Structure formats: structure tokens, C-alpha cells
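Numbers restart at 1 for each chain; the letters A, B, ... are given by sequence-line order, proteins then strands. This one's a predicted model, so the numbers in the text were calculated from it and none came from an experiment.
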2 protein chains.
Amino acid sequence: MTIPRAAKTLRRTRIQEEKEEQILEAALDVFSASGFRGSTIDQIAEVAGMSKPNLLYYFRTKEAMHRALIDRVLYTWLEPLRAFDAEGNPETEIRSYIRRKLEMARDFPRESRLFANEVLQGAPHIEDELKGPLKELVDEKAEVIRAWAKAGKIVKCDPYHLIFSIWSTTQHYADFDVQVRAVLGQEHSGEGRFEDAARFLEQLFIGGLRPDPLGG
Amino acid sequence: MTIPRAAKTLRRTRIQEEKEEQILEAALDVFSASGFRGSTIDQIAEVAGMSKPNLLYYFRTKEAMHRALIDRVLYTWLEPLRAFDAEGNPETEIRSYIRRKLEMARDFPRESRLFANEVLQGAPHIEDELKGPLKELVDEKAEVIRAWAKAGKIVKCDPYHLIFSIWSTTQHYADFDVQVRAVLGQEHSGEGRFEDAARFLEQLFIGGLRPDPLGG
DNA sequence: TGTAATGTTTACCAATCGGTCAAATTATCC
DNA sequence: GGATAATTTGACCGATTGGTAAACATTACA
């Protein structure tokens with residue numbers, strides 16, 4: 001007889017690990033492309049290359065799949081911000097934060113779109129994460145930035161909106177990729193666009209945050 | 001007998017205008033909140049306060065509704081960029097473009113999310129608009145910016161990525177509103193956040209684009 | 001005021017949705 | 001190799017999906 005699924009997590013089989021991996025990979029594909037409501041279990045099952053009931057053997061509901069996916073991806077997604085170092089030099093810290101975020105937009109666009117879809121549609125499944133861990137992390141880093149400003153290392157500015165602007169400008173290249181490509185045209189839509197973006201954004205932020213020479 | 005719907009558009013009745021208005025208003029609500037695939041005709045019908053078949057009397061399919069909505073909103077949405085004036089002073093032009101875009105994010109968040117949802121999910125319904133009218137408009141304004149840079153009025157930079165960065169930073173406050181609110185916390189989530197954002201973004205862009213005093 | 005055009009509703013359709021079930025199959029371990 | 005646990009499948013469920021047909025109600029206009 002099949003053991004109750006709750007007990008399944010006590011010890012995980014080789015097959016379980018492989019299949020769950022397979023499923024979450026497919027789920028990332030589908031959820032990031034259509035959002036939660038717009039995605040169907042059948043789609044995910046097809047991409048994962050298994051039957052729907054088989055998929056539902058590993059994740060009992062669509063919600064459970066989505067949750068597992070969010071949980072797996074969220075920590076990694078916040079890594080660049082976590083790496084933001086209070087001890088470091090403001091200019092190099094901001095520069096490398098922008099770089100890292102742009103690299104993630106380039107290398108993990110599906111992850112970016114997964115969150116974008118979720119937040120865009122009111123974040124019904126990740127509200128707690130936003131108000132909890134995310135807010136705390138941002139609060140912490142905002143303090144760092146504020147300290148830099150107070151010390152005259154960068155211009156006085158609202159640290160929260162600074163962080164928002166780095167998020168939005170970098171993630172734009174993942175979330176709005178088709179629009180970026182459409183506007184740039186075929187000739188500038190190669191991978192070089194990330195280098196161009198990096199150059200521009202560093203110029204913008206470093207220039208825009210340079211401390212007022214008058215010390216104002 | 002009911003005349004074929006194709007002929008309906010020859011002359012529009014009072015009722016037609018009212019009801020189509022009602023429907024598109026409801027459709028904006030629903031599509032912007034759930035994306036095309038995630039939205040249902042039933043939802044829209046309920047929000048519009050009419051029966052589903054009645055709604056389908058005015059728009060034969062879900063696609064037709066979506067298309068009509070996009071068509072109606074797109075022109076307005078591009079208005080701020082169109083207002084970007086080559087003759088004007090770069091600093092004030094950029095400043096007022098940011099202001100206008102932020103005002104739209106504040107006053108028309110549903111419109112912003114409608115496009116964000118669409119682009120995020122691969123822009124299956126507006127690809128032509130992106131590659132056509134949008135690209136042409138951006139190309140034109142990019143030339144203006146390039147000329148400013150050449151004349152030393154602003155720093156030399158990639159005009160396309162500049163435009164992208166203004167889009168992304170401003171629309172962020174509409175598209176990622178829940179995240180912004182969650183991170184700012186209750187105390188800073190009032191309407192004042194748009195003023196704070198405006199102040200920061202103007203500081204960032206004006207500072208970041210200020211021409212190099214060495215003339216480099 | 002009559003009537004033709006327009007608008008609305010009820011009842012319905014096939015397809016798809018998320019999910020269940022029991023039977024069949026495969027892997028594991030003694 | 002056999003028992004037992006783990007995995008997979010096909011058949012199926014009720015609810016919801018986008019959309020239709022036709023009867024019914026209302027409006028506009030001569």
C-alpha cells in the first residue's frame with residue numbers, strides 16, 4: 001500500500017529527488033511564462049515529460065508546486081543584495097551589485113519573471129516573504145546606504161528608492177526582454193546588450209550618487 | 001432578427017457606447033490583475049455587472065476584448081514620451097518626463113500593469129506594436145538624446161538604455177506596488193512615496209547625466 | 001403606435017480545469 | 001526470488017472554461 005504522502009519527506013528516494021527536480025524545472029518554465037493563474041498542471045506535466053497524476057504524486061496541488069518553487073528560488077534571488085557589504089567602498093559595492101543583478105537577469109530570466117508575475121498580480125502567495133525576510137534585508141542594507149550618505153561618501157538620498165531603482169533597472173532586462181529586443185532591433189539584441197546596459201547603469205548610478213563636492 | 005455583428009460598427013448606438021465603455025473598464029480591472037490567460041470572461045462580466053452572453057454580444061471573443069483594450073490604452077500610454085521635446089532644455093525635459101511617467105504610474109497603475117503583464121508573458125498580442133510604433137518613437141527620441149550628448153549638454157551615454165531606465169524605474173511603482181509597499185512598511189506607503197520617488201529619481205538622473213565638466 | 005432593429009437572458013455545449021482513485025507496474029531490500 | 005514499498009498509469013470526477021442558440025425584452029424610428 002502507498003504510504004501517506006506526509007511521511008514521504010522523512011526519507012527521500014533517489015527517484016523522488018530526480019522527479020521533483022524535473023517537475024520544479026518544468027514548473028519554473030511554465031509559471032514564469034504565464035503566472036500562477038494562467039498556468040495549468042497539464043502544461044507543467046507535459047514540459048516535465050510525465051503524466052499529470054504522476055506529477056500530482058509528488059506535489060499534491062498546483063499551489064504546493066508553486067510554493068516549493070518560490071521557496072527554492074527566493075533565497076538565491078536575494079543573494080546579491082545580501083552580498084552588499086557595509087565595510088566595502090560604496091562605489092565598488094554599488095557597481096558590483098548592479099553587475100550581479102544584471103548577470104542574474106541574463107542568466108536566470110525565468111526566476112526574475114516568476115517573481116515579477118507574482119508581484120505584478122498582487123503577490124497573493126508571497127506576501128509574507130515580502131513583508132518579512134525581504135523587508136528586513138532591505139531595511140538592513142538601507143541603513144548601510146544611509147550611513148554612507150551621512151559620512152559624505154555618497155550623495156544624500158533615499159536609500160529605499162535607490163534600491164528600488166537598481167532592482168527595476170536591472171530586472172527590466174529579464175522581465176521586459178521582448179520589449180527591449182523589439183526596441184533595440186535585431187542588430188542590437190545580441191548578448192552585447194547586457195554589456196551596454198551595465199556600462200550605462202554604472203555610469204548613471206555612480207554619476208548620480210557621487211557626493212556633492214560642496215559637501216551639501 | 002439580429003443583424004450580423006460586423007455591421008454593428010457602422011453606426012454605434014448610445015447603449016453600445018455605454019456598454020462597451022463599461023466592459024473595457026471592467027476588462028482593464030481584470031486583465032491588469034491576472035494577465036490574459038489568467039483572466040476569465042466570467043470575471044469581467046461580473047465586474048462589468050452584466051451577463052456573460054451580454055458581454056459577448058459586444059465583444060465576440062476574449063481576444064477581441066483584450067485587443068480593443070490595448071488599442072484604446074496604448075496611445076495614451078506613450079503620450080509622455082511623445083511630449084519629449086528636442087528643442088527643450090535637456091535637464092527640464094528629462095525631469096518632466098520622469099514626473100509625467102511617475103504621475104501615470106500613480107494615476108493609471110492598471111494600464112501599466114496591463115502592459116507589464118503582456119510584455120512579461122512574451123507580448124503575444126502586442127508584438128507588432130512594439131516593433132512598429134513603439135520602436136519608431138523610441139528611435140526618434142533616442143536621436144534627440146544623442147544630439148544632446150554630442151552637443152555636450154548631457155554626458156555621453158546610450159540613449160536607449162537611458163530610456164529603458166526611466167521606464168523601468170517609474171513603472172516600478174505601479175507594477176511592483178505591493179512589493180514597494182511591503183518594503184517601505186505601513187508608515188511610508190502613503191501617497192507621499194511618489195513624491196519621495198520623484199525626488200530621488202530626479203536627483204539620480206540629473207546627477208548621473210550631468211555633462212562631464214572636463215568635456216570628455 | 002406598430003414594427004423592425006437592437007439588446008438581454010436562459011439554457012446549453014464541448015473542452016479544459018484541478019484533482020482522485022484503484023489497478024498496474026517497477027524498484028528495493030531481505 | 002519473493003515480499004513489500006514506491007511509482008506510474010488510465011479512467012474518471014465535478015467545476016469552470018470560452019462560446020453558442022434561440023427565445024425574449026427593449027429601444028428607436030417611421
Item to check | Nucleotide nearest B:Gln16 (side chain, heavy atoms from C-beta), chosen from D:dA21, C:dT6, D:dG18 | outcome: C:dT6
Checklist entry - Is any side-chain nitrogen or oxygen of A:Tyr57 closer than 4.0 Å to OP1 or OP2 of D:dT8? => result no
Item to check | Nearest-nucleotide pick for B:Asp42, side chain only, options being D:dG18, C:dC21, C:dT6 | outcome: D:dG18
Next on the checklist: Both B:Thr61 and A:Leu55 contact DNA chain D. Taking the nearest nucleotide for each, which residue is further toward the 5' end?
Outcome noted: A:Leu55
Item to check | Face-on cation placement of B:Arg199 at B:Phe194 ring, 6.0 Å and 45° thresholds | outcome: no
Item to check | Which nucleotide in D:dT8, C:dG19, C:dG7 has an atom nearest any side-chain atom of A:Tyr58 | outcome: D:dT8
Item to check | Residue A:Pro53, side-chain atoms from C-beta onward, closest of C:dG19, C:dC21, D:dT20 | outcome: C:dC21
Checklist entry - Can the ring centres of B:Trp167 and B:Tyr173 be said to be less than 6.0 Å apart? => result no
Checklist entry - Contact class for A:Ser51 vs. all strands (heavy atom < 4.0 Å): base, sugar-phosphate, or nothing? => result base
Checklist entry - Between C:dG19, C:dT10, D:dT17, which one does the side chain of A:Arg37 approach most closely? => result D:dT17
Item to check | D:dG18 base / B:Lys52 side chain donor-acceptor hit below 3.5 Å | outcome: yes
Item to check | Reported CZ-to-NE2 distance for the pair A:Arg67 and A:His125, which is rounded to 0.5 angstrom | outcome: 8.5 Å
Checklist entry - Just checking, B:Arg82 and B:Tyr75: is the charged tip under 6.0 Å from the six-membered ring centre and within 45° of the axis? => result yes
Item to check | Side-chain N or O of A:Asn54 closer than 4.0 Å to phosphate OP1/OP2 of D:dT9 | outcome: yes
